Amino acid sequence: MSDRFAVRHSDPFAALPGGIGVSRLRVYDTVAPDGVVGGTPHVHLCCTEGYVVTDGEGAVQTLTADGYRETPLRPGAVVWFRPGTVHRLVNGGGLTIVVLMQNSGLPEAGDAVLTFPPEVLADPDAYAAAVALPDGERRAPTCGPRTAGGIWP
């Protein structure tokens with residue numbers, strides 16, 4: 001298979017269960033306060049999200065308990081991530097994508113922008129502690145279907 005069409009995420013729990021919303025998006029071409037051209041960092045608490053790049057170039061920046069990652073986006077790229085992944089699209093020029101959103105793309109009451117001091121963002125253990133439930137357990141969200149097999153990673 002050509003790398004051009006390779007799936008950029010090997011996580012089996014990032015599948016897109018449930019009803020899927022599909023929309024076309026031209027990524028913002030405005031400059032954010034940090035000087036980056038694109039969207040605002042945000043997180044979906046209950047929905048897996050994926051992108052198919054149709055035009056232009058850019059990147060998606062993600063932040064999880066495993067750390068920060070920036071994935072290049074070019075036509076033909078397919079990327080997706082699980083609920084709870086802080087993400088932001090960066091427009092390198094004419095970036096247009098097809099967005100696949102779990103739960104038919106319904107807006108989530110509870111989407112939020114998580115912000116922490118740089119020392120927390122730079123340390124995967126500190127980040128995991130900052131976003132953990134008070135008892136330290138991980139639970140499936142109550143809105144939307146669970147991941148494959150009913151298991152929440």
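Computed from heavy atoms alone, side chains included, the values below leave out hydrogens, waters and symmetry copies. Please read these numbers as outputs of a predicted model, since none were measured by experiment.
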Problem set entry | Nearest heavy atoms of Tyr51 and Val60, plus distance in Å | CE1-CG2, 3.9 Å
Exercise. Side-chain heavy atoms under 4.5 angstrom apart, residues restricted to Ile, Leu, Val, Met, Phe, Trp, Tyr: same cluster for Tyr68 and Val90?
Worked result: no
Exercise. side-chain contact (heavy atoms from CB on, under 4.5 Å) with Asn91: which of Val36, Thr30, Asp29, Val31?
Worked result: Asp29
For this session: Give a yes or no on whether the backbone of Thr96 and the side-chain of Asp55 come within a donor-acceptor separation of less than 3.5 Å.
Result: no
For this session: Give a yes or no answer on whether the side chain of Thr85 reaches the backbone of Thr64 with a donor-acceptor pair at less than 3.5 Å.
Result: no
Exercise. Same hydrophobic cluster for Trp80 and Leu100, using side-chain heavy-atom links shorter than 4.5 Å among ILVMFWY?
Worked result: yes
Exercise. Just by modelled atom types, is the His42 backbone N or O under 3.5 Å from a matching donor or acceptor in the His87 side chain?
Worked result: yes
For this session: Evaluate side-chain contact (heavy atoms from CB on, under 4.5 Å) for Leu73 paired with Leu89, printing each intermediate quantity in order.
Result: CA-CA 9 Å; Leu73 298 177; Leu89 286 165; 3.7 Å; yes
Exercise. Are Leu95 and Val37 connected in the hydrophobic side-chain network, where two residues link if heavy atoms are under 4.5 Å apart?
Worked result: no
For this session: Is it possible for you to say whether Val53 and Val79 belong to one hydrophobic cluster, with membership spreading through side-chain heavy-atom contacts below 4.5 Å?
Result: yes
Exercise. Given side chains that start at C-beta, do those of Thr48 and Pro83 come closer than 4.5 Å, heavy atoms only?
Worked result: yes
Seminar exercise, completed: Checking Thr40, Asp34, Thr62 against Arg88 for side chain to side chain donor-acceptor pair (under 3.5 Å), the one that qualifies is Asp34
Seminar exercise, completed: Heavy-atom nearest pair, Ala65 first then Pro124, reads O-CB, 3.1 Å
Exercise. How long is the span from the CE atom in Met101 to the CD atom in Glu49, to the nearest 0.5 Å?
Worked result: 3.5 Å
Seminar exercise, completed: Correct closest heavy-atom pair for Ile97 and Val99 would be CD1-CG2, 3.7 Å
